[in-house]
Peer 1: 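Before we start, here is the structure in question, set down as structure tokens.
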Number of protein chains: 2
Amino acid sequence: MGASKTEHFTDKQNEIASLVKALAHPARIAIMEYLLKVDTCICGDIVNELPLAQPTVSQHLKELKTAGIIKGTIEGNAICYCLDEKVLAKLQTYFGNITSKLEKRKNNCC
Amino acid sequence: MGASKTEHFTDKQNEIASLVKALAHPARIAIMEYLLKVDTCICGDIVNELPLAQPTVSQHLKELKTAGIIKGTIEGNAICYCLDEKVLAKLQTYFGNITSKLEKRKNNCC
DNA sequence: TTTTAATATTGCAATATTACGATAAACAAA
DNA sequence: TTTGTTTATCGTAATATTGCAATATTAAAA
């Protein structure tokens, strides 16, 4: 086994799980935070920012890109990366709905 | 390898990554949504709600519990599960900060 | 053209995850 | 006590993830 049984869940559940999975590693959280910090697209120095070898960083970037969290456009012989606002807004909305539903209910039985 | 190099990242980055990782599977998203839907602690029928075998569900519940997303209290010979509002609020705040920072910057160069 | 710099891909080893049958443990009910 | 119900754990197979050295690719610069 080892493969998730995605076919049994709703599209929305699979979508959220896949977005969240793309961020389920400290290196990818760090990449997102770095792209946020520099406050612009960054062309180049992502590898130098992380305590990981270049192929490893490249792999993490690929996962973020595949999930849609970041976008990368070729800029000369470097690549310009930035965050996709829409996709991150999706996550914010999702967790916002969850906590607002939880706040409304005040029967905290546990 | 296969093991994440968590020691190279900040505590906060590791914490968020670990929370997010606990939700990085459609079954665990489904469990969270079910606990939200029933609008109370639920004692029992989580296994019946999911298209997975009982040991598999038990394992997913354990991961959610270890990460702190859910709490489980023994209730007779059943177990009463519910969401931990505080932990989910942490995620909401995190993604809220990210999107609000992204919205402020209007230099969308990509 | 040759060199240099930036990024991607390949291949592989170590480890983690997912899933479930079998079984155990805990406890209520008969 | 025996039985049934609920949940956890063990063991194991299949698959995925993580990390990096080696190498390839791409394009600017010399």
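To find a chain, count down the sequence lines: A is the first, B the second, and so on, and within it residues start at 1.
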Peer 1: Give a yes or no answer on whether the side chain of B/T99 reaches the backbone of B/F95 with a donor-acceptor pair at less than 3.5 Å.
Peer 2: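 Checking the backbone N and O of B/F95 against the side chain of B/T99, a donor-acceptor pair under 3.5 Å is found.
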
Peer 1: Assign the ring pair A/H25 / B/F9 to parallel, tilted or perpendicular, where the plane angle (0 to 90°) is split at 30° and 60°.
Peer 2: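 A/H25 and B/F9: perpendicular rings.
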
Peer 1: Remember a base hit wins even if backbone is also touched, and classify B/E63 as base, sugar-phosphate or nothing at under 4.0 Å, heavy atoms.
Peer 2: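 Since only primed, P, OP1 and OP2 atoms lie under 4.0 Å of B/E63, the category is sugar-phosphate.
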
Peer 1: Under 4.0 Å between a side-chain N/O of A/H60 and OP1 or OP2 of D/dG19, yes or no?
Peer 2: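 Answer is yes, contact under 4.0 Å.
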
Peer 1: Scan B/L52 against the nucleic acid and name what it touches under 4.0 Å (heavy atoms): base, sugar-phosphate only, or nothing.
Peer 2: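 B/L52: backbone/sugar contact only, no base atoms under 4.0 Å.
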
Peer 1: Nearest of D/dA21, C/dG21, C/dA8 to any side-chain atom of A/A53?
Peer 2: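 It is D/dA21.
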
Peer 1: B/R28 CZ to C/dA19 P: how many Å, rounded?
Peer 2: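 Whole-Å distance recorded here is 8 Å.
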
Peer 1: Expressed as a whole number of angstroms, how long is the span from A/D45:CG to C/dA6:P?
Peer 2: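 Rounded to whole Å, this separation is 10 Å.
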
Peer 1: How many whole angstroms separate atom CD1 of B/I79 from atom P of D/dT5?
Peer 2: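 Between P of D/dT5 and CD1 of B/I79: 18 Å.
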
Peer 1: Could B/K21 and B/E63 be called an ion pair, given the rule that one side-chain N must be under 4.0 Å from one carboxylate O?
Peer 2: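 Between B/E63 and B/K21 there is no salt bridge, as every charged N stays at least 4.0 Å from the carboxylate O atoms.
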
Peer 1: Could you check how far CG of A/L64 sits from C1' of D/dT18, rounded to whole Å?
Peer 2: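 Distance check: A/L64 CG to D/dT18 C1' gives 14 Å.
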
Peer 1: Rounded to the nearest angstrom, tell me the gap between atom CG in B/L61 and atom P in C/dT18.
Peer 2: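 Rounding to the nearest Å, CG of B/L61 and P of C/dT18 are 13 Å apart.
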
Peer 1: Is a donor on one side and an acceptor on the other found under 3.5 Å between the side chain of B/N14 and the backbone of B/T6?
Peer 2: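 Between the backbone of B/T6 and the side chain of B/N14 there is a qualifying donor-acceptor contact (under 3.5 Å).
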
Peer 1: Output the rounded distance in Å from CG (B/L50) to P (C/dC20).
Peer 2: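 Distance check: B/L50 CG to C/dC20 P gives 11 Å.
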
Peer 1: Quick one: on DNA chain D, does A/A27 or A/P55 contact a more 5' nucleotide (nearest heavy atom)?
Peer 2: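 Whichever sits nearer the 5' end wins; that is A/A27.
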
Peer 1: Please tell me which of the listed nucleotides, C/dA8, C/dC20, C/dT18, lies nearest to the side chain of B/H25?
Peer 2: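 Given the options C/dA8, C/dC20, C/dT18, the side chain of B/H25 is closest to C/dT18.
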
Peer 1: Of the listed nucleotides (C/dA8, D/dA8, C/dG21), which one gets closest to any side-chain atom of A/Q54?
Peer 2: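 Minimum distance to the A/Q54 side chain belongs to C/dA8.
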
Peer 1: Side chain of B/S58, heavy atoms from C-beta onward: which of C/dT7, D/dT9, D/dA22 has the nearest atom to it?
Peer 2: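 The nucleotide sitting nearest to the side chain is D/dT9.
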
Peer 1: Between A/K21 and A/K65, name the one whose nearest nucleotide on DNA chain C is closer to the 5' end.
Peer 2: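 Comparing both residues, the 5'-ward one is A/K65.
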
Peer 1: Starting at the 5' end of DNA chain C, which residue's closest nucleotide do you reach first, A/Q59 or A/T6?
Peer 2: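 The residue whose closest nucleotide sits nearer the 5' end is A/Q59.
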
Peer 1: Using a cut-off of less than 4.0 Å, is there contact between a side-chain N or O of B/T56 and OP1 or OP2 of C/dC20?
Peer 2: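 It does, given that an N or O in the side chain of B/T56 lies less than 4.0 Å from OP1 or OP2 of C/dC20.
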
Peer 1: Taking side chain as C-beta onward, heavy atoms only, is B/T56 less than 4.5 Å from B/L50?
Peer 2: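 The answer is no, as the side chains (C-beta and beyond) never meet within the 4.5 Å cut-off.
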
Peer 1: Between A/K62 and C/dT7, is there a side-chain N or O to OP1/OP2 distance below 4.0 Å?
Peer 2: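 No, outside the criterion.
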
